[in-house]
Amino acid sequence: MTRYTESVENLIENLCGLPGIGPKSAQRIALHLLSVPSEETDRLAAAIVSAKENVRYCSVCFNITEQDTCDICEDTRRDRTVLCVVEEPRDVIAIERSGSYRGIYHVLGGAISPIDGVGPEELRFAELMGRLRQGQVGELVIATNPNAEGEATAMYLSRMVRPLGITVTRIASGLPVGGDLEYADEVTLGRALEHRTPL
Amino acid sequence: MQDGGPGAARERGRREFADLGIVLRTHKLGESDKILRILTREHGKRSAVAKGVRKTSSRFGARLEPLTCSRLLLHRGRGMDTVKQAEIQTSFQEVRADLDLFVNAAAMCELVDAIAEEHEPHSELFDLLLKGLELLKSHPQRARFTRAFFEMRVLAAGGFAPMLDSCANCGAPLGDGEQLFSLHRGGFVCEGCLVKRQAEVGKLVRVSAGTAGMLSWMSGHQLGEWPDEPPGAELGEAEMLMDRILEHWTERRFRSHQVMKEMP
């Protein structure tokens with residue numbers, strides 16, 4: 001026998017389509033699922049179906065939610081004059097975990113990457129501009145990733161938003177807390193020095 | 001001290017190699033890794049995994065960002081290489097920090113990625129890309145001209161230099177004034193061929209005399225030289241023609257060209 005049965009092959013093939021899962025990992029996960037009690041696999045299948053049925057994008061900020069608008073957009077205690085732009089819903093979670101931000105969000109759904117054909121029209125810029133034109137936001141915090149694509153997105157946003165008279169800020173980047181200076185590359189260290197703050 | 005004794009050290013030596021490399025593009029892989037497409041100077045285009053590079057604590061930091069030219073130590077794998085070490089030679093941070101420069105640089109990288117064969121040494125192409133990025137950095141106001149000039153030199157390096165000084169179909173001298181470029185023939189064609197042999201010359205792109213002169217200048221000079229007169233309105237037409245030629249030559253549409261059109 002050089003192949004698994006049709007059902008197992010089908011399971012492996014479907015697992016293979018998930019991000020970060022190669023053929024070997026897919027095979028390992030499939031064999032694991034077959035070895036556990038049916039209740040466990042039923043629970044997993046039900047969780048996938050339920051998430052797929054109930055989860056949608058917030059109609060305001062495009063974060064993940066189970067209602068029409070997400071908890072953050074619904075929260076009246078949030079500062080609606082500060083809007084933070086992120087690439088993905090997981091970035092909202094990361095910023096919320098910091099406990100240092102009380103404003104609202106906008107999830108773009110990615111970052112500008114010319115070589116991959118991802119331009120402004122593929123992202124939720126039009127929706128963001130619509131929100132900003134309502135006039136409530138006074139500061140736009142750009143929290144895209146500090147990589148080439150994230151920086152390109154930040155530059156594009158800054159160019160588009162400045163004419164509206166809104167303050168545009170970029171989250172700081174530089175040395176990670178707990179790291180050693182000698183291991184920092186020259187770009188990171190250069191930016192850390194460039195954006196140094198008075199004590 | 002290395003693990004595994006002298007045999008293992010020899011094996012490691014065979015599988016590891018150092019080279020200069022420019023990161024053309026990156027893709028996310030798994031939780032915190034990236035797959036890099038790199039053009040190396042001596043070992044051609046490579047795909048390499050950079051482990052943990054997306055973590056803020058990564059030892060690679062900005063060393064493997066797109067456009068960066070780094071001295072790399074790569075470990076040959078069965079499918080892909082693995083980046084073991086990286087030291088920045090030129091970061092090109094100034095190019096990444098300017099939207100227009102970045103988009104032009106991305107178009108240059110996309111072209112190189114499209115034409116470079118995996119693992120085939122392309123030192124001329126590497127030197128052209130490095131020079132092109134250096135010019136974007138040193139002469140940001142000439143970014144569009146640099147990209148068009150770079151594309152012309154890449155065509156020439158690939159053996160597809162457009163024929164611009166005589167008819168690409170019959171070899172007859174060209175008249176003054178507007179010119180017609182035959183994508184099929186790879187050069188300008190004369191009035192005679194246009195009238196008598198239309199089927200042979202195929203689809204034509206009309207350009208002004210100024211644009212024809214600029215393209216002719218580019219084909220006779222090296223990247224880094226500048227024309228006496230700064231390019232004017234003809235630059236847009238030259239860019240359009242170069243894009244058409246590249247699409248015809250590579251039989252593909254360039255994604256970065258589309259994104260460029262969306263820029264404010």
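The sequence lines fix the lettering, A, B, ..., with proteins before strands; numbering per chain opens at 1. Values reported hereafter were calculated over all heavy atoms of this structure, with side chains retained and with hydrogens, waters and symmetry mates removed.
Ion pair E110(B)/R252(B) flagged as a salt bridge, since at least one NZ, NE, NH1 or NH2 atom sits closer than 4.0 Å to an Asp/Glu carboxylate oxygen. The existence of a salt bridge linking D68(A) and R56(A) is excluded, since no basic side-chain nitrogen approaches an acidic carboxylate oxygen closer than 4.0 Å. E239(B) and R147(B) are joined by a salt bridge, as a carboxylate oxygen and a charged side-chain nitrogen come within less than 4.0 angstrom of each other.
Annotation for A30(A) and I12(A): closest pair CB-CG1, 3.7 Å, computed over non-hydrogen atoms. Smallest separation of non-hydrogen atoms from A106(B) and I115(A): O-CD1, 4.0 Å. S47(B) and R37(B) get closest at one heavy-atom pair: OG-CD, 3.6 Å. Considering every non-hydrogen atom in both V83(B) and R59(B), the closest pair reads O-NH2, 4.4 Å. The two residues T188(A) and L175(A) have their closest heavy-atom pair at CG2-N, 4.3 Å.
For N104(B), no part sits under 4.5 Å from any heavy atom of chain A, backbone or side chain. Proximity to chain B is absent for every atom of V177(A), based on heavy atoms less than 4.5 angstrom apart. Only the backbone of F60(B) comes within contact range of chain A, with heavy atoms under 4.5 Å apart. For Y156(A), the parts lying under 4.5 angstrom from a heavy atom of chain B are both the backbone and the side chain. For H27(B), the part sitting under 4.5 Å from any heavy atom of chain A is the side chain, from C-beta outward, and nothing else. Proximity to chain A is absent for every atom of Q258(B), based on heavy atoms less than 4.5 angstrom apart. Neither the backbone nor the side chain of P19(A) comes within less than 4.5 Å of any heavy atom of chain B. Residue P114(A) touches chain B through both its backbone and its side chain, counting heavy-atom pairs closer than 4.5 Å. Both the backbone and the side chain of I88(B) come within contact range of chain A, with heavy atoms under 4.5 Å apart. Residue contact with chain B, scored on non-hydrogen atoms closer than 4.5 Å, is absent for D180(A). Neither the backbone nor the side chain of A154(A) comes within contact range of chain B, judged by heavy atoms closer than 4.5 Å. Residue contact with chain A, scored on non-hydrogen atoms closer than 4.5 Å, is absent for K261(B).
Chosen from E122(A), R159(A), E151(A), E149(A), the residue pairing most often with chain B at heavy-atom distances under 4.5 Å is R159(A). Your options are P264(B), C109(B), A86(B), A107(B), and the one with the most heavy-atom pairs under 4.5 Å with chain A is P264(B). Note: D98(B) leads D98(B), L24(B), L67(B) in heavy-atom pairs under 4.5 Å with chain A. Heavy-atom pairs under 4.5 Å with chain A were tallied for M260(B), E87(B), R54(B), R63(B); the largest tally goes to R63(B).
Figure legend: cation-pi geometry between R124(A) and Y57(A), with NZ or CZ positioned under 6.0 Å from the six-membered ring centre and within 45° of its axis.
Proximity of L157(A) to F125(A): side-chain heavy atoms (C-beta onward) are separated by under 4.5 Å at one or more points.
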